[in-house]
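Report on the following structure.
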Amino acid sequence: PTLDPKNQTFILVPVRVEGDLATQKLEELLRPLGPKIVYLSSAGEHDKITADTQVLTHFTLFTMGDAWRRLGITPSVHPTYQNPVDDLKALMTQRLLSQNLDVYTGIAVENPEARRQVQEYVKSLHGLMQFSIRARDSKAALSHLRGFAGVPRDYIGRDKIREAEETLEALFGKKLDFQDHLNSQTSLIAKGVTWTVLGIRPGQNLAFKSPPYEILSLMTHAIFGRGFDTFLHNMVNNSQTQEHDYVFSTSAAALGEDILRADEATYKKHLEEARDHFPQQQLIEARATTDGLISKLASIQAEKTAKSS
């Protein structure tokens, strides 16, 4: 791993050891590295937590990579994605694609809790598509969308949304401004819908406290804030955005089917195709950039914790 383990969350599940001695020795080895060490009681508890965090986070980002490949575009130079949130999504996608894809394939296909999360995410996407691309009356579609996407907005809560916006502004070093934003953020709105349906609350999930996963959680919270109406408007009225949303939905269905069928080989092939869409140097640079952002977020988190204690 390229990340500094300091302030990262290390989850230990003592299911293959007898007695406490081995666990104590492992903790003694890890403590000097400065992580937050958390114990879980069972593999089942671990699978549920990681499905809620890792699987949904990875699946969302990998689907973006596959959609950009199908569209033949590079988000860093495409006008739709010229804003800090989309830039961060693209960087995190390339970060994952630059790493060992066997690990991510196994996390998605071999976790028995993953299928429900993926299934619900794809269903949420299709629900959003019903209100946007297939809508004949844009005013009515916007009204329905506000109702449909407003449920996760209420579920997350205005205080959490405001807090996420403030944290991202500290991370980006500038104010979030969505006035000229061209994207719909359908991928993240669908993630919020999925959280609501499955009863996932990132603030109560140990793995979301790890900076790599908190980054996408923060972005998901923030898009339900001050830019929310702009995103819904783009979803219904921007034809290029609708094309991208349709391709993203298609990618999600294809990758989701791989996971539901436990087709590890095909899922990995899709990830490799997405990886090969980006120049190797761009993947290396994205990994280095996100290392810096993740470390910065860890510092922001530590500072908040120190102030509150």
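Residue numbers run from 1 in the order of the sequence given. Quantities reported herein were computed from a predicted structural model and do not represent experimental measurements.
- The line from CG of Leu218 to CG of Leu188 is 11.5 Å long, rounded to the nearest 0.5 Å.
- To the nearest 0.5 angstrom, Phe172 atom CZ is 8.0 Å from Asp87 atom CG.
- Counting only heavy atoms from C-beta outward, the side chains of Lys304 and Thr167 approach each other to under 4.5 Å.
- Residues meeting the side-chain contact (heavy atoms from CB on, under 4.5 Å) test with Val109, sequence neighbours left out: Thr105, Ala262, Glu264, Tyr267.
- Within the model, atoms CZ of Phe224 and NZ of Lys191 stand 11.0 Å from one another, a figure rounded to the nearest 0.5 Å.
- The ring pair (Phe, Tyr, Trp, His ring centres under 6.0 Å) check on Phe178 picks up His181, Phe231, with sequence neighbours excluded.
- Under the 4.5 Å side-chain criterion, counting only non-hydrogen atoms from C-beta, Ile189 is in contact with Ile223.
- Counting heavy atoms of neighbouring residues, nucleotides and ligands inside a 6.0 Å radius, atom CZ of Arg158 does not exceed 12 of them.
- The pair Arg146-Asp229 meets the salt-bridge criterion, since a charged nitrogen lies less than 4.0 angstrom from a carboxylate oxygen.
- You'll find the side chain of Lys160 stays beyond 4.5 Å of the side chain of Pro202, heavy atoms only.
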Practice task
List the steps, then state whether side chain to side chain contact (heavy atoms under 4.5 Å, CB included) holds for Leu71 with His277.
Solution key: CA-CA 10 Å; Leu71 287 162; His277 172 65; over 6 Å; no
Handout entry: Stepwise side chain to side chain contact (heavy atoms under 4.5 Å, CB included) check, Asp86 with Gln185
Key = CA-CA 8 Å; Asp86 280 319; Gln185 299 299 345; 3.2 Å; yes
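- Legend: ring-ring contact (aromatic ring centres under 6.0 Å, His included) pairs involving residues 75-108, not counting sequence neighbours, sorted by first then second residue: His58-Tyr104, Phe62-Tyr104, Trp68-Tyr81, His78-Tyr81, His78-His244, Tyr81-His244.
- A salt bridge between Arg162 and Glu166 is absent, with no side-chain N of the basic residue lying under 4.0 Å from a carboxylate O of the acidic one.
- With contacts defined as side-chain heavy-atom distances shorter than 4.5 Å, the pair Ile259/Phe59 qualifies.
- Defined by atom type and a distance below 3.5 Å, a donor-acceptor pair is missing between the side-chain atoms of Ser187 and Thr60.
- Annotation: side chain of Gln282 is in contact with side chain of Thr74 (closest heavy-atom distance under 4.5 Å).
- Partner of Asp245 under the side-chain hydrogen bond (donor to acceptor under 3.5 Å, both in side chains) criterion, chosen from Thr250, Thr186, Asn238: Thr186.
- Applying the salt bridge (charged side-chain N to carboxylate O under 4.0 Å, His left out) test to Asp177 and every residue at least two apart in sequence or in another chain returns nothing.
- Heavy atoms from other residues, nucleotides or ligands lying under 6.0 Å from NZ of Lys123 number 12 at most.
- Here the CG-CG distance, from Asp276 to Leu97, works out to 9.5 Å after rounding to the nearest 0.5 Å.
- Shown here for Glu165 and Ala222, the closest heavy-atom pair between the two residues is OE2-O, 3.8 Å.
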Practice task
Could you check Asn234 against Asn183 for side chain to side chain contact (heavy atoms under 4.5 Å, CB included), going step by step and ending with a plain yes or no?
Solution key: CA-CA 6 Å; Asn234 290 339; Asn183 199 356; 5.6 Å; no
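- Taking the ring centre of Tyr155 as origin, the terminal cationic atom of Arg201 falls inside the region bounded by 6.0 Å and 45° from the ring axis.
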Practice task
For Thr57 and Leu96, run side chain to side chain contact (heavy atoms under 4.5 Å, CB included): C-alpha distance rounded to whole Å, both residues' side-chain angles, the deciding distance at 0.1 Å, then the answer.
Solution key: CA-CA 10 Å; Thr57 299; Leu96 292 189; 5.6 Å; no
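- A search for ring pair (Phe, Tyr, Trp, His ring centres under 6.0 Å) contacts involving His221 returns Trp195, not counting sequence neighbours.
- Val122 is connected to Ile107 through a chain of hydrophobic side-chain contacts under 4.5 Å among Ile, Leu, Val, Met, Phe, Trp and Tyr, so both are in one cluster.
- In this structure, Arg116 places its CZ atom where only 12 or fewer heavy-atom neighbours from other residues, nucleotides or ligands lie under 6.0 Å away.
- With a 4.5 Å cut-off on side-chain heavy atoms, Glu169 and Lys174 do not count as touching.
- Partners of Glu120 under the salt bridge (charged side-chain N to carboxylate O under 4.0 Å, His left out) rule, at least two apart in sequence or in another chain, do not exist in this structure.
- Expressed to the nearest 0.5 Å, how far CG of Leu297 lies from CG of Leu168 amounts to 8.5 Å.
- Residues Phe148 and Leu128 form a side-chain contact, since some pair of their non-hydrogen atoms from C-beta on lies under 4.5 Å apart.
- Judged by distance alone, the side chains of Thr80 and Gln240 do bring a donor and an acceptor atom under 3.5 Å apart.
- Interatomic distance, OG of Ser76 versus CD of Gln94, reported as 6.5 Å (0.5 Å rounding).
- A 4.5 Å side-chain heavy-atom check between Ile200 and Leu56 finds at least one atom pair inside the cut-off.
- No salt bridge links Arg287 with Asp291; every basic N to acidic carboxylate O contact stays at or beyond 4.0 Å.
- In summary, the side chains of Ser251 and Arg70 do present a donor paired with an acceptor at a separation below 3.5 Å, with no hydrogens or angles considered.
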